[in-house]
There are 2 protein chains.
Amino acid sequence: MIPRAAKTQRRTRIQEEKEEKILEAALDVFSAYGFRGATIDQIADAAGMSKPNLLYYFRTKEAVHRTLLDRMLFTWLEPLKAFDADGDPESEIRSYIRRKLEMSRDFPRESRLFANEILQGAPHIEDELTGPLKALVDEKAQVIRTWAKAGKIAKCDPYHLIFSIWSTTQHYADFDVQVRAVLGNNAGEGRFEDAARYLEELFLRGLKVEKVIS
Amino acid sequence: MIPRAAKTQRRTRIQEEKEEKILEAALDVFSAYGFRGATIDQIADAAGMSKPNLLYYFRTKEAVHRTLLDRMLFTWLEPLKAFDADGDPESEIRSYIRRKLEMSRDFPRESRLFANEILQGAPHIEDELTGPLKALVDEKAQVIRTWAKAGKIAKCDPYHLIFSIWSTTQHYADFDVQVRAVLGNNAGEGRFEDAARYLEELFLRGLKVEKVIS
DNA sequence: CGATAAATTGACCGGTTGGTAAAACCTTAC
DNA sequence: GTAAGGTTTTACCAACCGGTCAATTTATCG
């Protein structure tokens with residue numbers, strides 16, 4: 001016995017495997033239906049196990065969701081953390097856009113999980129938003145402001161700049177169905193590069209210091 | 001009797017009022033929890049009536065949802081329809097951005113209803129996306145392409161341009177909680193104007209034909 | 001092997017879900 | 001007023017929800 005108490009001490013091979021399988025399935029379901037719209041049965045089915053079996057590894061539906069959110073939030077902020085104050089502004093912004101776009105391509109379910117959570121009022125992660133996230137954004141906004149003051153980029157509201165990078169890049173994951181519908185289901189491979197090229201140009205032109213025509 | 005059959009022929013004063021009240025309440029609930037996460041009881045409560053009473057006016061939960069989506073889709077496409085091929089490119093784009101941003105400010109629930117639907121795979125409106133929406137976007141993309149060829153704006157992928165305007169403007173409705181958390185709950189009034197000024201500058205600078213420095 | 005703990009299952013629980021039936025209640029038009 | 005039709009409510013249903021429990025099966029290890 002000692003099923004869930006032992007988890008904090010030692011983990012079995014089976015525990016490791018099954019928990020991973022559950023989280024994988026839960027990511028599918030939660031990202032597609034939101035927290036309230038998802039059911040444990042659905043997740044258990046997708047994970048190939050019975051509902052009581054799933055609840056043997058995670059006490060509640062909320063525990064599964066929490067674990068997914070915690071994991072996601074960490075990796076989600078990585079690109080912004082990498083934003084380097086000492087780097088070249090243009091290439092920093094360019095690589096930030098690219099990294100965020102790659103995340104939309106490679107982890108669309110995580111993006112939708114996050115979008116669902118925010119859309120529904122962020123009931124589970126409000127503290128993370130007003131705490132760590134705000135602190136990080138405040139810090140990077142200061143960096144951008146410094147660049148602008150030094151004349152390295154055009155003056156602009158750094159917060160709205162960050163918002164616009166977030167929204168444009170995440171759009172390709174969160175609104176994937178719409179993007180597909182509008183572009184037609186073809187253009188599968190080129191789509192990512194097209195978007196990357198367009199966004200880089202938009203932001204870098206938009207931020208370039210205006211040349212004085214002499 | 002003849003409760004729901006008569007609705008297509010003649011509508012009572014009470015019918016008109018109650019249906020409106022239901023849709024108003026349903027917009028609150030569906031936009032906050034998505035289709036599956038919302039319950040009829042919740043909507044009925046918010047509308048100040050009993051569940052069977054609600055189901056007297058709308059046969060099913062899906063019927064309420066459908067009605068909301070149909071209404072929303074119509075008004076949602078209005079700004080893009082107003083995009084005028086014969087107008088001045090710069091002011092057309094500027095006013096499109098502003099109109100979309102105003103919709104995020106004035107109809108955030110409608111925006112979230114739409115976002116929820118798309119996020120969950122657009123099960124109820126796939127046909128509208130691949131049909132009318134795609135046709136409209138195709139048409140306007142052609143307009144943008146013509147402007148670019150005439151040298152009135154910089155060359156860019158018109159589809160991704162439209163996507164980026166959609167995503168940046170709708171972000172302020174759909175991710176409102178996050179925006180509030182990052183900016184702090186103050187700055188209530190100025191927020192809209194700040195966003196509008198930033199976005200107009202971003203897009204208009206990003207689309208300006210590059211001046212040759214002589 | 002055998003024993004001990006871990007993993008899995010089926011049966012079940014109280015509450016909620018979307019939806020129905022019929023009776024009671026109101027409005028309206030004559 | 002009154003009768004016919006529109007509206008609302010009470011009681012109810014089967015299916016499903018998140019979660020528990022005891023019993024069974026399986027893996028681990030000396």
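To find a chain, count down the sequence lines: A is the first, B the second, and so on, and within it residues start at 1. This one's a predicted model, so the numbers in the text were calculated from it and none came from an experiment.
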Figure out the CD/C1' separation between B:Glu17 and C:dT27, and round it to whole Å. 13 Å
Can you tell me if A:Tyr56 touches the phosphate of C:dT9, counting only side-chain N or O atoms and a distance under 4.0 Å to OP1 or OP2? no
Side-chain ion pair, B:Arg71 and B:Glu20, N-O less than 4.0 Å: yes
In plain terms, say whether A:Arg197 and A:Glu201 are close enough for a salt bridge, that is, a side-chain N and a carboxylate O under 4.0 Å apart. no
Measure CD/B:Glu19 against P/D:dT8 and give the value in whole Å, please. 11 Å
Rounded to whole Å, how long is the line connecting atom CD of B:Gln15 with atom C1' of D:dT8? 14 Å
Contact list for residues 115-125 of chain B, test side chain to side chain donor-acceptor pair (under 3.5 Å), sequence neighbours left out: B:Glu117-B:His124
Rounded to whole Å, how long is the line connecting atom CD1 of B:Ile22 with atom P of D:dT8? 9 Å
Using the six-membered ring wherever Trp is involved, compare the ring planes of A:Phe114 and B:Phe175 and label them parallel, tilted or perpendicular (cut-offs 30° and 60°). tilted
Spacing of B:Phe58 atom CZ relative to C:dG18 atom P, expressed in whole Å: 16 Å
In whole angstroms, how far is the P atom of D:dT7 from the CD atom of B:Glu16? 11 Å
What residues, two or more places apart in sequence or in another chain, satisfy ring-ring contact (aromatic ring centres under 6.0 Å, His included) together with B:Phe163? A:His171, B:His160, B:Trp166
Each nucleotide N or O in nucleotides 12-19 of chain D that has a protein N or O under 3.5 Å away: list the pair and distance.
from   : atom 1 : to      : atom 2 : distance (Å)
D:dG18 : OP1    : A:Ala38 : O      : 3.3
D:dG18 : OP1    : A:Lys61 : NZ     : 3.1
D:dG18 : OP2    : A:Ile40 : N      : 3.0
D:dG18 : N7     : A:Lys51 : NZ     : 2.9
D:dG19 : OP2    : A:Lys61 : N      : 2.8
D:dG19 : O6     : A:Lys51 : NZ     : 3.3

Does D:dT9 have its OP1 or OP2 closer than 4.0 Å to a side-chain nitrogen or oxygen of B:Ser50? yes
State whether A:Asn53 places a side-chain N or O below 4.0 Å from either non-bridging phosphate oxygen (OP1 or OP2) of C:dA7. no
Here the gap from A:Lys81 atom NZ to A:Thr75 atom OG1, rounded to the nearest 0.5 Å, amounts to 9.5 Å
